[in-house]
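One structure is given below, encoded as structure tokens.
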Amino acid sequence: MKKMLKFILISIGAILVAIGVFLAIVYTVNIVCNKVENGKIESYGQLVSVDGKNMNVTIQGKGEETVVLIPGYGTGAPGIDFKPLVEELAPFYKVVVIEPFGYGLSDVSDKERTIENIVAEIHECLQKLNINRYTLMGHSIAGIYGLEYVNKYEYEVSAFVGIDSSVPTQGGTDDEYPTGIYKFLKKSGFYRLIMKLAPDQHIALAVDDTTREQIRIISLKNAMNPNIISEGENFQHNFKAAETFKFPSNLPVIFFLEENNTDVEGWIPLHEEQIKNSVNGKLIELEGGHYLHHTKSKEIVENFRSFIEEVESNK
């Protein structure tokens, strides 16, 4: 019995030591990689002074009309992530990709990530660029910010395009945001390990290896930074605030939605409700995942252009 007990205790001790060593390795590798990778980030776009901080923006295409792209929550490097969509839009439009504070190569802001602050900052950025008339095209949570935006700056926005965009009444936003867990994953290095195990989870398959590597590095840099955490903690406030807004009836609105969304009950009807009073409202379902702009950019742009032509012809 004593020998058996001794063997069990030694085994438990060995397991605990192995776990400790593993945790130490994950933590150390993360610190070293962070320092090395920060030096490998390649600049892109241009910096715009917004509220005393630098906001990164990419501008491509020379069309007379402008399309402004707003990313979904937690997109590491929007200026690169939107590349497949920008390439389809650029032959016809001036395309502006906004990287909100805490995203891409933009600074981290000291201000809380409320819908009011986020919308005001995006607008200030466009004003600094002398962009005063544009289509607002947004992915995921940009559907929430877009509602306040098109109501606050109604006479600047010529149309709204939602790419599997969120709606205020979709549910699930009342859950407590797991701040502690996310901070642990970031600090411990386990988030890097998760990214290693699923490297292409949120990266467009069409991009080249160099672009994919840049997205990975910048995503790890920005993951769970103070602005991303603050935005998550403000989900309940932001979704609730958006409930007070509707799309102006005369604003052209088109949604491109995941065809078989099983994550949100009533995904299609919720969007149909948003455009039921729109003079020019349309909904198109596309086969694919939540990041439709990674795989369906061509279809999105073709249908968007046809939609705008139809709107113009009906005037």
Side-chain angles (χ1 to χ4, degrees), residues 50-53 55 68-76 78 98-104 106-127 136-154 156-157 160-186 191 202 219 222-248 251 253 255 257 261 263-267 269-271 273-275 290-291:
V50 175
D51 195 31
K53 299 281 187 177
M55 184 172 287
V68 176
L69 294 175
I70 307 298
Y73 174 66
T75 300
I98 302 288
E99 294 192 328
F101 290 134
Y103 288 68
S106 294
D107 289 344
V108 171
S109 173
D110 299 325
K111 286 189 174 180
E112 198 171 355
R113 297 296 84 200
T114 62
I115 189 172
E116 296 85 1
N117 288 339
I118 291 171
V119 166
E121 290 159 1
I122 292 173
H123 182 255
E124 182 181 343
C125 181
L126 293 174
Q127 289 289 293
L136 198 63
M137 184 179 291
H139 173 238
S140 195
I141 202 170
I144 299 302
Y145 306 141
L147 272 170
E148 171 153 329
Y149 198 104
V150 300
N151 280 273
K152 187 170 286 186
Y153 309 109
E154 181 177 352
E156 295 182 19
V157 182
F160 179 83
V161 182
I163 303 173
D164 217 38
S165 50
S166 304
V167 296
T169 54
Q170 68 184 55
T173 60
D174 291 334
D175 300 336
E176 185 177 351
Y177 189 79
T179 298
I181 294 175
Y182 284 138
K183 285 184 176 180
F184 169 77
L185 289 174
K186 170 76 171 181
Y191 185 77
H202 299 306
S219 295
N222 290 330
M224 308 312 157
N225 67 34
N227 284 173
I228 301 300
I229 292 292
S230 176
E231 189 176 354
E233 291 174 337
N234 275 284
F235 278 166
Q236 185 174 353
H237 165 79
N238 292 341
F239 275 75
K240 193 70 178 176
E243 287 184 9
T244 63
F245 295 110
K246 298 183 183 300
F247 286 108
L251 177 73
V253 178
F255 294 125
L257 303 178
N261 186 316
D263 294 329
V264 181
E265 185 177 351
W267 188 239
L270 285 170
H271 287 83
E273 178 69 19
Q274 282 195 302
I275 57 174
H290 182 52
Y291 286 76

Could you check if a side-chain atom of [X] sits within less than 4.5 angstrom of a side-chain atom of [Y], using non-hydrogen atoms only?
{"X": "Asp51", "Y": "Lys111", "result": "yes"}
{"X": "Arg113", "Y": "Ile118", "result": "yes"}
{"X": "Ile98", "Y": "Cys125", "result": "yes"}
{"X": "Gln274", "Y": "His271", "result": "yes"}
{"X": "Val157", "Y": "Val68", "result": "no"}
{"X": "Pro100", "Y": "Pro71", "result": "yes"}
{"X": "Val108", "Y": "Phe101", "result": "no"}
{"X": "Phe255", "Y": "Ser165", "result": "yes"}

Worked verdict on His139 versus Ile70 for side chain to side chain contact (heavy atoms under 4.5 Å, CB included): CA-CA 6 Å; His139 173 238; Ile70 307 298; over 6 Å; no
Kindly list each side-chain donor-acceptor pair under 3.5 angstrom involving residues 142-152, sequence neighbours excluded, with atom names and distances?
from   : atom 1 : to     : atom 2 : distance (Å)
Tyr145 : OH     : Glu231 : OE2    : 2.6
Glu148 : OE2    : Lys152 : NZ     : 3.1
Tyr149 : OH     : Tyr134 : OH     : 2.7
Asn151 : ND2    : Leu147 : O      : 2.7
Asn151 : ND2    : Lys246 : O      : 2.9

Heavy atoms from other residues, nucleotides or ligands near OH of Tyr153 exceed 12 (cutoff 6.0 Å): yes
Flag if over 12 foreign heavy atoms under 6.0 Å of CD, Gln127: yes
Whether Phe235 and Tyr177 hold their rings parallel, tilted or perpendicular, with breakpoints at 30° and 60°: perpendicular
Backbone N/O of Ser109 and side chain of Asn227: donor-acceptor pair under 3.5 Å: yes
